Amino acid sequence: MNTLFEKCNNSDAIRTAADILRRGGLVAFPTETVYGLGGDALDPSASARIYAAKGRPSDNPLIVHIADKKDVRELAEEVPPKAEMLIEAFWPGPLTIILKKKPLVPDATTGGLDTVAIRMPSHPAAMEMIRQAGVYVAAPSANRSGRPSPTTASHVAEDLSGEIDMILDGGPVGIGIESTIVDLTEEIPMILRPGFITRAMLEAIVGEVRLDPTLITLEETVEGTLPDPSDRLQHPKAPGMRYTHYAPHGILSIVTDPAQPQEITPAVTSKILELASEALKAGHITAVLTTGESSSAYDSLAEDPHFHRITLGDTDDGQTVAQHLYGALRTCDDLKCDTIYSESFRRDALGSAIMNRLIKAAGHRVITV
């Protein structure tokens, strides 16, 4: 298949993308979070093509993207008051809500569940494409399943060129991690996936908000108290709930200091320096994911051609770290890194969302000092 590659600032390209969606084709497009792989949400064959292009299990539900708030009532059986409050507060934006679905939403889109995940993106090109298409757009991240999510059009092309009809290039995304997902099918809302919209932000609008008990934390990983896989959902209610996700090709490990979990301590940087030195001596191409404040701790390795230091941002700037995270993991692949060590990025309000992705990318490999 010849994949069209067009810039979003071309109005003809938006029209072409909308036409492809109406005809049952697939278009990768930018959102404010990551690039999505879109198809007609009410066309089971389009959803099947999404799963096939990504190599994604068909029981993993897709998020339905809309361009008008009122469309949520066309897709959901009921929109409870707390859902209305969150819609008014955060749409358009990086929040996905889960509601009971109407029969018109096919099981092929919801992974066989009786619920539907819905969001209204704020990216102007995404909104215009959905409006012109005149269809609801099912869209997971536009990458091969399990790989780091794409934050540029070139990332999409690496994974899916030749597999989909079109890629719309809107440049680098603004946020860099996927939307917050909140289940509103119960009285108390529950976060199924953390994101840019934090728990505190949600609770400021609707009061108590719970965290899904199967969300894996760094503390559980360190303590060896991960939830038993048999206790996890047989059919995940939302994307990204499986154990391993977002992974680079190399072996990624997180190094943390349990005594000061919010800080990147000298003990952490010393341990990473020691481990990276050993990996380099063993002939491994080695990368370290670090912050601006602690980057200089690895200066002694800078002359080794097999060592790569990748700075994601400053410790207190979670938004910059989030924006660069997936790109950094893909850079590790481009550099053919065998071994990757990462500091723990937890001080900022976005820390839980960043670490949710990083822990999955590491396959829960955590080294304590």
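Since we're looking at a predicted model, the values are computed, not measured.
Annotation for Ala13 and Met166: closest pair O-CE, 3.4 Å, computed over non-hydrogen atoms. The shortest non-hydrogen separation linking Phe90 to Ile197 is CD2-CD1, 3.6 Å. Heavy atoms only, all atoms of each residue included: Ala328 and Ile310 are closest at CB-CG2, 3.8 Å. Nearest heavy-atom pair across Thr3 and Ile164 is OG1-O, 2.7 Å. For the residue pair Ile205 and Met85, the shortest heavy atom distance occurs at O-CE, 2.9 Å. Val156 approaches Pro150 most closely through the heavy-atom pair CG2-CB, 3.7 Å.
A salt bridge is absent between Arg15 and Asp19: the closest approach of a Lys/Arg side-chain nitrogen to an acidic carboxylate oxygen does not fall below 4.0 angstrom. With respect to Asp107 and Lys101, a salt bridge is recorded, a charged nitrogen being found less than 4.0 Å from a carboxylate O. One finds no salt bridge joining Glu263 and Arg346 here, because no Lys/Arg side-chain nitrogen approaches an Asp/Glu carboxylate oxygen to under 4.0 Å. Ion pair Glu128/Arg131 flagged as a salt bridge, since at least one NZ, NE, NH1 or NH2 atom sits closer than 4.0 Å to an Asp/Glu carboxylate oxygen. A salt bridge links Glu158 with Arg330: at least one charged nitrogen is closer than 4.0 Å to a carboxylate oxygen. A salt bridge does not link Asp114 to Lys102: none of the charged side-chain nitrogens sits closer than 4.0 Å to a carboxylate oxygen. In this structure, Asp159 does not pair ionically with Lys54, as no charged nitrogen and carboxylate oxygen lie closer than 4.0 Å.
Annotation: the span from Leu26 atom CG to Ile167 atom CD1 amounts to 11.5 Å, rounded to 0.5 Å. Note that CG of Asp43 is 9.5 Å distant from CZ of Arg49, once rounded to the nearest 0.5 Å. Expressed to the nearest 0.5 Å, how far CG of Asp299 lies from OG of Ser296 amounts to 5.5 Å. The OG atom of Ser253 sits 10.5 Å away from the CG atom of Leu358 when rounded to the nearest 0.5 Å. Going from atom NE2 of His249 over to atom CG of Leu335 covers 12.0 Å, rounded to the nearest 0.5 Å. Within the model, atoms CG of Leu280 and CG of Leu301 stand 6.0 Å from one another, a figure rounded to the nearest 0.5 Å.
Each of Ile130 and Val72 belongs to its own hydrophobic cluster when Ile, Leu, Val, Met, Phe, Trp and Tyr are linked at side-chain heavy-atom distances under 4.5 angstrom. Each of Val288 and Phe345 belongs to its own hydrophobic cluster when Ile, Leu, Val, Met, Phe, Trp and Tyr are linked at side-chain heavy-atom distances under 4.5 angstrom. Hydrophobic clustering keeps Leu312 apart from Val255 (ILVMFWY residues linked when any side-chain heavy atoms are closer than 4.5 Å, directly or through intermediates). Connection of Ile14 to Ile66 is not established within any shared hydrophobic cluster, with ILVMFWY side chains joined at heavy-atom distances below 4.5 Å, either directly or through further cluster members.
Side-chain atoms of Leu192 and Val182, non-hydrogen and from C-beta on, never get closer than 4.5 Å to each other. Under the 4.5 Å side-chain criterion, counting only non-hydrogen atoms from C-beta, Lys271 is not in contact with Tyr341. The shortest side-chain heavy-atom distance between Ile98 and Leu184 does not fall under the 4.5 Å cut-off. Contact of the Thr33 side chain with the Ile177 side chain is not registered, since no non-hydrogen atoms from C-beta on lie closer than 4.5 Å. In this structure, the side chains of His306 and Thr286 stay at 4.5 Å or more apart for every pair of heavy atoms. By the 4.5 Å heavy-atom criterion applied to side chains, Asn143 and His155 are not counted as neighbours. Side-chain contact between Leu289 and Leu329: present, with at least one pair of heavy atoms (C-beta onward) separated by less than 4.5 Å. At a threshold of 4.5 Å between non-hydrogen side-chain atoms, the residues Asp40 and Ser47 do not count as touching.
Of the possible polar contacts, one joining the Tyr51 side chain to the Asn60 backbone as a donor-acceptor pair under 3.5 Å is found. Remark: side-chain polar atoms of Glu293 are paired, donor with acceptor, to backbone N or O of Thr315 under 3.5 angstrom.
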What do the steps show when you test Val27 against Met129 for side chain to side chain contact (heavy atoms under 4.5 Å, CB included), and what is the final call?
CA-CA 10 Å; Val27 176; Met129 182 192 71; 4.0 Å; yes
Decide side chain to side chain contact (heavy atoms under 4.5 Å, CB included) for Ile181 and Ile63; before the verdict, give the C-alpha distance in whole Å, the side-chain angles of both, and the deciding distance to 0.1 Å.
CA-CA 10 Å; Ile181 299 179; Ile63 294 174; 4.2 Å; yes
When you look at Asp334 and His308, which way does the side chain to side chain contact (heavy atoms under 4.5 Å, CB included) test go after all the steps?
CA-CA 11 Å; Asp334 294 339; His308 302 284; over 6 Å; no
Let me see the working for Ile340 and Ile251 under side chain to side chain contact (heavy atoms under 4.5 Å, CB included), right down to the final yes or no.
CA-CA 6 Å; Ile340 308 161; Ile251 302 300; over 6 Å; no
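Annotation for Lys7: atom NZ does not count as buried by contact number, only 12 or fewer foreign heavy atoms lying within 6.0 Å.
Residues Thr265 and Asp257 bring a donor and an acceptor atom of their side chains to less than 3.5 Å of each other. Side-chain atoms of Ser149 and Glu178 form a donor-acceptor pair, as typed in the model, at a separation below 3.5 Å. Donor-acceptor pairing under 3.5 Å is lacking for the side chains of Thr311 and Thr290. Side-chain contact of Ser179 with Arg193: a donor-acceptor pair under 3.5 Å is present, judged by distance alone. For the residue pair Arg119/Thr31, the side-chain donor-acceptor check at 3.5 Å is satisfied.
Taking the six-membered ring for Trp and thresholds of 30 and 60 degrees, Phe29 and His65 have ring planes more than 60 degrees apart, a perpendicular arrangement.
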